[in-house]
Amino acid sequence: MAKNRRRTRSASEAGAEAVAETVDSGLAELTPDRERPRAWTLLLDGAPQSHVDLDDPAYLSFEYQRRLGHVADLVAPANQPLQVVHLGGGAFTLARYIAAGRPRSTQQIVEVDAALVQFVRRRLPLDPQARIRVRSTDARAGLGKIPDGWADLVIADVFSGARTPAHLTSVEFLAEVRRVLKPDGHYAANLADGPPLAHLRGQIATAATAFGHLALAADPTVFRGRRFGNAVLLASDRELPVAEFTRRVASDPHPGRVEHGRALADFTGGAAVVTDAAAKPSPLPPDGTFSG
């Protein structure tokens, strides 16, 4: 006979309420997940930024975070500890994911908003056993303090006012990323753009001058320039696990597509390489992007 099962209540069902606090970059809010216990979504000025499940850090809700999670899974054999730099902290979602899946990994998070760091630490504490250090400074300045050849993986997910700052889009910035990476290391970036995809094309052209191999994962409608959305760039000087990355991205709840090689080169359409002198922030999302 089947036993009666007691369903675990979600944070919102258990009476958890949204909390908000003014931080350096605006209004930070944590809203409880209606489906999962001890899970929360972080919003900055109303824009969803991160989702964290404290009971299950291996669960990634946002599609771009799932794709970054695939990168973290594929850049080295399973369970092998990694040395990772996270540019942009948010709710530390990817750092928690890597700590859970690759114990003994050593990770450094660089997040410019010190008040946000304290808010997240207080409300969504990190596992004290995880080897995660958080620096409250500008992403490029923090990158400059990392030793040469230290990192297996650098993940860039930096947004200020829903835009990636200009100084994190240039070939000079990628030179610093290259300096920090081991010779066979990987770089992953969360990029955001919409029609006509000028920013995204420029970022791919710029990355192509710094790395020998590139792949880009996005929703097909983003690739076709039909809507604003996220794209995850994976870059390295070693061959990329394109086949498995493609399979995983296509199998996600919101299936995506991966472009690489000639098709990705053609996608750039002759876009110019971005330098510090000409760099601009990524475009603002259109009104209504985060509604509903």
>> Show every ring-ring contact (aromatic ring centres under 6.0 Å, His included) that has at least one partner inside residues 50-84, sequence neighbours left out.
In response: H51-Y59

> A130 and A99: which non-hydrogen atoms are nearest, and at how many Å?
Replying inline: CB-CB, 4.0 Å

> Around R226, counting heavy atoms of other residues, nucleotides and ligands shown, do more than 12 lie under 6.0 Å from its CZ?
Replying inline: no

> Quick one: do R248 and D252 make a salt bridge, cutoff under 4.0 Å?
Replying inline: no

> Within the side chain of Q49, is there an N or O that forms a donor-acceptor pair under 3.5 Å with the backbone of L42?
Replying inline: no

>> Starting from V222, can I reach F159 by hopping between I/L/V/M/F/W/Y residues whose side chains sit under 4.5 Å apart?
In response: no

> With a 4.5 Å heavy-atom cut-off, do V171 and V274 have their side chains touching?
Replying inline: no

> Would you say F211 and V177 make side-chain contact, with heavy atoms under 4.5 Å?
Replying inline: yes

> To the nearest 0.5 Å, how far apart are NE2 in H86 and OG1 in T93?
Replying inline: 10.0 Å

>> If I compare all heavy atoms of D55 with all of P37, which pair ends up nearest, and what's the gap?
In response: OD2-O, 3.7 Å

> Around K182, counting heavy atoms of other residues, nucleotides and ligands shown, do more than 12 lie under 6.0 Å from its NZ?
Replying inline: yes

> ring-ring contact (aromatic ring centres under 6.0 Å, His included): which pairs involve residues 257-282, sequence neighbours left out?
Replying inline: F223-F267

> So do the side chains of L174 and R178 get within less than 4.5 Å of each other, counting heavy atoms only?
Replying inline: no

>> Could you go through L116 and E111, starting from their C-alpha distance and side-chain angles, then the distance that decides it, and tell me whether this counts as side chain to side chain contact (heavy atoms under 4.5 Å, CB included)?
In response: CA-CA 8 Å; L116 176 63; E111 168 57 56; 4.3 Å; yes

> Is there side-chain contact between P165 and V158, with heavy atoms separated by less than 4.5 Å?
Replying inline: yes

> Got a salt bridge between D193 and R201, using NZ or NE/NH1/NH2 to carboxylate O under 4.0 Å?
Replying inline: no

> Which atom names give the shortest non-hydrogen contact between S170 and T206, and what distance separates them?
Replying inline: C-CG2, 3.8 Å

>> Main chain of S282, side chain of R163: is a donor-acceptor contact present, judged purely on distance under 3.5 Å?
In response: yes

>> Taking side-chain hydrogen bond (donor to acceptor under 3.5 Å, both in side chains) as the criterion, tell me which of R36, R38, R96 meets it with D53.
In response: R36

> Atom CG of L82 and atom CG of D152: how far apart are they, to the nearest 0.5 Å?
Replying inline: 5.0 Å

> Are L168 and L214 joined in one hydrophobic group, where the rule is that I, L, V, M, F, W and Y side chains link up if heavy atoms are under 4.5 Å apart?
Replying inline: yes

>> Give me the atom names and distance for the closest heavy-atom approach of N230 to A192.
In response: ND2-CB, 4.2 Å

>> Salt bridge check, R66 against E63: does any charged N sit closer than 4.0 Å to a carboxylate O?
In response: no

> Which heavy atom in P183 sits nearest to a heavy atom in D237, and how many Å separate them?
Replying inline: O-CB, 4.2 Å

> Do F92 and V52 pass the side chain to side chain contact (heavy atoms under 4.5 Å, CB included) test, and can you show the C-alpha distance, the side-chain angles, and the key distance before you say yes or no?
Replying inline: CA-CA 8 Å; F92 315 149; V52 170; over 6 Å; no

> Do V154 and V232 sit in the same hydrophobic cluster, where Ile, Leu, Val, Met, Phe, Trp and Tyr count as joined when their side-chain heavy atoms come under 4.5 Å apart?
Replying inline: no

> Linking I/L/V/M/F/W/Y whenever any side-chain heavy atoms sit under 4.5 Å apart, do V120 and W40 land together?
Replying inline: yes

> Distance from E176 atom CD to H167 atom NE2, nearest 0.5 Å?
Replying inline: 11.5 Å

> So do the side chains of T164 and N190 get within less than 4.5 Å of each other, counting heavy atoms only?
Replying inline: no

>> Closer than 3.5 angstrom, by distance alone: can the side chain of Q83 be matched with the main-chain N or O of W150 as a donor-acceptor pair?
In response: yes

> Would you say I155 and V85 make side-chain contact, with heavy atoms under 4.5 Å?
Replying inline: no

> Linking I/L/V/M/F/W/Y whenever any side-chain heavy atoms sit under 4.5 Å apart, do I132 and Y97 land together?
Replying inline: no

>> How close do P48 and G46 get, counting heavy atoms only, and between which atoms?
In response: CD-O, 3.6 Å

> Yes or no on side chain to side chain contact (heavy atoms under 4.5 Å, CB included) for T137 and V110, after CA distance, side-chain angles and deciding distance?
Replying inline: CA-CA 6 Å; T137 189; V110 183; 3.7 Å; yes

> Nearest 0.5 Å, what's the CG-CZ distance between D73 and R102?
Replying inline: 6.5 Å

> Quick one: side chain to side chain contact (heavy atoms under 4.5 Å, CB included) partners of A231, sequence neighbours excluded?
Replying inline: L200, L216, A218

> So, do L264 and I204 sit near enough that their side-chain heavy atoms are less than 4.5 Å apart?
Replying inline: yes

> More than 12 non-hydrogen atoms from neighbouring residues, nucleotides or ligands closer than 6.0 Å to CZ on R227, yes or no?
Replying inline: yes

> Can you find a pair of side-chain heavy atoms, one from V180 and one from D148, that are under 4.5 Å apart?
Replying inline: no

>> Just verifying a value: how many Å separate Q108 CD and L87 CG, rounded to the nearest 0.5 Å?
In response: 10.5 Å

> Do D157 side-chain atoms and G88 backbone N/O form a donor-acceptor pair below 3.5 Å?
Replying inline: no

> Roughly how far, to the nearest 0.5 Å, is CG of L181 from OH of Y187?
Replying inline: 9.5 Å

> Counting only heavy atoms not in R262, do more than 12 fall under 6.0 Å of its CZ?
Replying inline: no

>> side chain to side chain contact (heavy atoms under 4.5 Å, CB included), that's the test. Do R121 and L126 meet it? Break it down for me.
In response: CA-CA 7 Å; R121 278 187 176 278; L126 287 166; 4.1 Å; yes

